[in-house]
Participant: 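The structure that follows is given in the form of structure tokens.
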2 protein chains.
Amino acid sequence: MAGLFAALADPTRLRLLNLIGGREVCVCYFVEILRQGQPKISRHLAYLRRAGLVTARREGKWMHYRMVPQADEAAASILAAALAALKNDRQMEADRAKLDRACCAPQKLVMPEGAPRPAPVASLVES
Amino acid sequence: MAGLFAALADPTRLRLLNLIGGREVCVCYFVEILRQGQPKISRHLAYLRRAGLVTARREGKWMHYRMVPQADEAAASILAAALAALKNDRQMEADRAKLDRACCAPQKLVMPEGAPRPAPVASLVES
DNA sequence: GGCATATATTTGCTTAAGCGAATATGAGGC
DNA sequence: GCCTCATATTCGCTTAAGCAAATATATGCC
């Protein structure tokens, strides 16, 4: 219980969860959108993984992260409340908007057909 | 946002919030029920105060703590989800039960008319 | 095999959190 | 005023978290 809140008690992790919420997202987008060092992103993703909040799937060179459906009902409701709260935050909105128009450019500005596009996760699409 | 979660990311603070949830509680009950050192309890109460989650009221020698209604809607929903989640936890249930039958005995086993009884807070009674 | 890209982990450091023990404050009773 | 009780705060310490920089792992391409 306290561990769940600890996982949520960091601005970077909240931004990551906000982006992951509902869809599967490639790490390169996190780095691009948050504009933070790659090791930092990776470290926080590892934290979220250890906390059982997200899981990763490898696809070639890319790693895709998605939410883990919470078995514990209490954890699920808290996580839902947290994600809902992020919905109205200015920066979180901006982050999501950037992800929506993300077009495969982690490093170079144009990198045709390079990075995989974020894909929706059926079990988490609610709107 | 992250600050709110940090405030919730400690077992002692969760136990305190669980006891405060809905009623006004005297510090002596926290010490009695949690069976932890008084400075520790006081330190965590100060943390919750600084986080804007609880507020204190002095009544003679005793300090009574109660929840602060959250102005921010997001914070309110998260706090509500957290308190609801605590409802089903074994230890939290036991803590609340102890508070329910608390009978004015912070130190000595019987201390007639000594400590004030916990009082319900109108704005927070929901059941 | 070697090289490049994407991601993860380690290293060394700094800062914050939590703790118990001791001390301070504030109120009531004498 | 002094003493006691209830609570708060400070002190010194230990442990964990966060960071940037460097390094390691894994995949794909040649």
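Chain identifiers are assigned alphabetically (A, B, ...) following the order of the sequence lines, protein sequences preceding nucleic acid strands; residue numbering begins at 1 within each chain.
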Participant: Does a side-chain N or O from B/Arg58 land closer than 4.0 Å to OP1 or OP2 of D/dA6, or not?
Facilitator: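 For B/Arg58, the contact criterion (side-chain N or O under 4.0 Å from OP1 or OP2 of D/dA6) is not met.
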
Participant: What's the closest nucleotide to the side chain of B/Met63 if the choices are D/dG18, D/dA8, C/dC19?
Facilitator: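 The listed nucleotide nearest to B/Met63's side chain is D/dA8.
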
Participant: Would you mind reading off the distance between A/Ile41 atom CD1 and C/dT7 atom P, rounded to a whole angstrom?
Facilitator: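 Rounded to whole Å, this separation is 11 Å.
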
Participant: B/Arg43 near the nucleic acid: base, sugar-phosphate alone, or nothing, with a heavy-atom cut-off under 4.0 Å?
Facilitator: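 Base, at least one base atom sits under 4.0 Å.
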
Participant: Heavy atoms under 4.0 Å, any strand shown: does A/Gly37 hit a base, just sugar-phosphate, or nothing?
Facilitator: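 No contact.
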
Participant: What is the distance from OH of B/Tyr29 to C1' of D/dC5, rounded to the nearest Å?
Facilitator: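 B/Tyr29 atom OH is separated from D/dC5 atom C1' by 15 Å.
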
Participant: Within less than 4.0 Å of OP1 or OP2 of D/dT7, is there a side-chain N or O belonging to B/Arg49?
Facilitator: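 No, B/Arg49 has no side-chain N/O under 4.0 Å of OP1/OP2 on D/dT7.
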
Participant: Would you mind checking if B/Arg23 and B/Asp100 are paired as a salt bridge, meaning a charged N to carboxylate O distance below 4.0 Å?
Facilitator: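 Yes, this pair counts.
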
Participant: Please tell me which of B/Tyr47 and B/Gln38 maps to the more 5' nucleotide of DNA chain C, matching each residue to the nucleotide holding its nearest heavy atom.
Facilitator: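 It is B/Tyr47, whose closest nucleotide lies nearer the 5' terminus.
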
Participant: In whole Å, what is the span from the NE2 atom of A/His64 to the P atom of D/dT27?
Facilitator: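 So the two atoms are 14 Å apart, to the nearest Å.
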
Participant: Considering only D/dA8, C/dC19, D/dC19, which nucleotide approaches the side chain of B/His44 most closely?
Facilitator: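 Looking only at side-chain atoms, B/His44 lies closest to C/dC19.
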
Participant: Roughly how far, to the nearest 0.5 Å, is CZ of A/Phe30 from CG of A/Asp95?
Facilitator: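 The CG atom of A/Asp95 sits 10.5 Å away from the CZ atom of A/Phe30.
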
Participant: Which one, C/dG18, D/dT7, C/dT7, comes nearest to the side chain of B/Trp62?
Facilitator: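 From the listed options, D/dT7 comes nearest.
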
Participant: Regarding B/Arg49 and B/Tyr65, do their side chains bring together a donor and an acceptor under 3.5 Å, going by distance alone?
Facilitator: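 Per modelled atom types, B/Arg49 and B/Tyr65 side chains form a pair under 3.5 Å.
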
Participant: Given C/dT9, D/dA8, C/dG20, which nucleotide is nearest the side-chain atoms of B/Lys40?
Facilitator: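 The listed nucleotide nearest to B/Lys40's side chain is C/dG20.
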
Participant: At under 4.0 Å between heavy atoms, what does A/Phe30 touch on the DNA or RNA strands: base, sugar-phosphate, or nothing?
Facilitator: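 A/Phe30: no heavy atom of the nucleic acid under 4.0 Å.
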
Participant: Looking only at the side chain of A/Ser42 (C-beta and beyond, no hydrogens), which of the listed nucleotides C/dA27, C/dA8, C/dG18 gets closest?
Facilitator: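 From the listed options, C/dA8 comes nearest.
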
Participant: Between D/dT7, C/dA22, D/dT27, which nucleotide has the shortest distance from any of its atoms to the side chain of B/Pro39?
Facilitator: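 Taking heavy atoms from C-beta onward, the closest nucleotide is C/dA22.
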
Participant: Measuring from atom NE2 of A/His44 to atom CG of A/Leu17, what distance do you get when rounded to the nearest 0.5 angstrom?
Facilitator: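 Here the interatomic distance stands at 11.5 Å.
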
Participant: Would you call B/Asp89 and B/Arg96 a salt bridge, taking side-chain N to carboxylate O under 4.0 Å as the test?
Facilitator: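 No, B/Asp89 and B/Arg96 are not salt-bridged.
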
Participant: A/Asp10 or A/Gly60: which one's nearest nucleotide on DNA chain D is closer to the 5' end?
Facilitator: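 The residue whose closest nucleotide sits nearer the 5' end is A/Asp10.
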
